[in-house]
There are 2 protein chains.
Amino acid sequence: MVELQTHPIDTVFHALSDGTRRRMLRELAQGERTVSQLAEPHEMSLAAASKHIKVLESAGLIRREIQGRTHLCRLEPGPLATAHEWLTFYERFWTDRLDILERLLREEDAQKNARDQTQKNPLKFPASQKSETETGEDQ
Amino acid sequence: MVELQTHPIDTVFHALSDGTRRRMLRELAQGERTVSQLAEPHEMSLAAASKHIKVLESAGLIRREIQGRTHLCRLEPGPLATAHEWLTFYERFWTDRLDILERLLREEDAQKNARDQTQKNPLKFPASQKSETETGEDQ
DNA sequence: AAAATATTCAACCGATCGGTTGACAATAAA
DNA sequence: TTTATTGTCAACCGATCGGTTGAATATTTT
């Protein structure tokens, strides 16, 4: 007993820091899954997968319902919402830049309109490329 | 060289899984800080704090500018935005419930209005308590 | 030049992590 | 009742983690 105070969000972020576990969550986003169903796509022993599931469970990210000899797992969104909200605190740091860019473009636009007053329809804001997002793939 | 493919977001979530590092990020949200300024509030050696900062740095969460013998650190919001967006995928799982609640309340409301047609101003949606958020404190 | 300051580096330590294997327990099917 | 099937548990392993200490490096101050 040496650990004094482990914030719950520690456990959540730690659980999310592993690709195998993130893929399991993605799978559970599709619906309920048994332990072996969750384990199947991952090339590791069932015991190893079972450990990952236990990590997710103790982080509160999933819950399991034991039905006979199978364990049905389902996603538990609460902790994900908490983590999401924690990150939201920093939202201004990445939206601020876009705001600045947007303002600059607006000013540019305004100048253009001032120069060319016959132009009636203002340009749409160009496809806001959120560069490094890198969604999709697997996890 | 045994590690094949460590997804960048692994490193980000891992960096966020430690309270000391999260507090450092919070501090950096206030503005630039030197290594010793970041270390000061935490009761550990400077070397230990330095390691934490290096973890944040290699996750891309901060950048440092070396000015003479001091290192100035600043927040780098990109990876936070990425993590935030990763979590956004699951947003429907925690908003769905609220949607259901909201719909139920609307129906209730509609019934009430149907019963009492003289009533003109509809009830505001009650203080949406997002229970387990637990903001503030330190990290 | 000498001393103080800011920070990293290297070696070490115990704890935890992610994986393995083999045994075990419980349920379902033959 | 035997035999599969589903899943956990316990012990072990090497790697990584979070911390320490002492020395090294680079810069600034005196």
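Just so it is clear: chains get the letters A, B, ... in the order the sequence lines come, proteins before strands, and each one is counted from 1.
Distance Lys54(A) NZ to dG18(C) P: 13 Å, rounded to the nearest Å. With rounding to whole Å, Phe13(B) atom CZ is found 21 Å from dT16(D) atom P. Rounded to whole Å, the distance from CG on Leu72(B) to P on dT27(D) is 16 Å. Leu56(B) places its CG atom 14 Å from the C1' atom of dC17(D), with the value rounded to the nearest Å. Atom-to-atom, CD of Glu43(B) to P of dG18(D) comes out at 17 Å; the value is rounded to the nearest Å. Glu40(B) has its CD atom 13 Å from the P atom of dT7(C), to the nearest Å.
Along DNA chain C, the nucleotide nearest Ile53(B) and the nucleotide nearest Arg21(A) are compared for position; the residue whose nucleotide lies closer to the 5' end is Ile53(B). Mapped onto DNA chain C by nearest heavy atom, Thr70(B) and Ala49(A) fall at different nucleotides, with Thr70(B) at the one closer to the 5' end.
Judged by distance alone, with hydrogens and angles left aside, Arg69(B) brings no side-chain donor or acceptor close enough to the base of dT7(C) to form a pair under 3.5 Å.
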List the steps and the verdict of side chain to side chain contact (heavy atoms under 4.5 Å, CB included) for Phe13(B) and Val12(A).
CA-CA 9 Å; Phe13(B) 279 133; Val12(A) 173; over 6 Å; no

Please report the C-alpha distance between His84(B) and His84(A) in whole Å, then the side-chain angles of each, then the deciding distance to 0.1 Å, and finally whether the ring pair (Phe, Tyr, Trp, His ring centres under 6.0 Å) criterion is met.
CA-CA 6 Å; His84(B) 189 263; His84(A) 188 263; 4.0 Å; yes

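Under 4.0 angstrom from either OP1 or OP2 of dT16(C) there lies no side-chain N or O belonging to His14(B). Between dT8(D) and His71(A), a contact under 4.0 Å exists linking OP1 or OP2 to a side-chain N or O. A close approach under 4.0 Å does not occur between any side-chain nitrogen or oxygen of Ser45(A) and OP1 or OP2 of dG19(C). The phosphate of dG7(D) has neither OP1 nor OP2 within less than 4.0 Å of any side-chain N or O from Arg64(A).
Between Leu87(B) and Leu87(A), some side-chain heavy-atom pair lies under the 4.5 Å cut-off. Using a 4.5 Å heavy-atom cutoff, the side chains of Trp86(A) and Leu16(B) are in contact.
Within the 4.0 angstrom heavy-atom criterion, base atoms lie near Lys51(A). Residue Ile66(B) is classed as having no contact, given no heavy-atom separation below 4.0 Å to the nucleic acid.
Checked for salt-bridge contact, Glu65(B) and Arg74(B) meet the test: a charged N lies under 4.0 Å from a carboxylate O.
Among the nucleotides dG19(D), dC9(D), dA6(C), the one closest to the side chain of Met44(B) is dG19(D).
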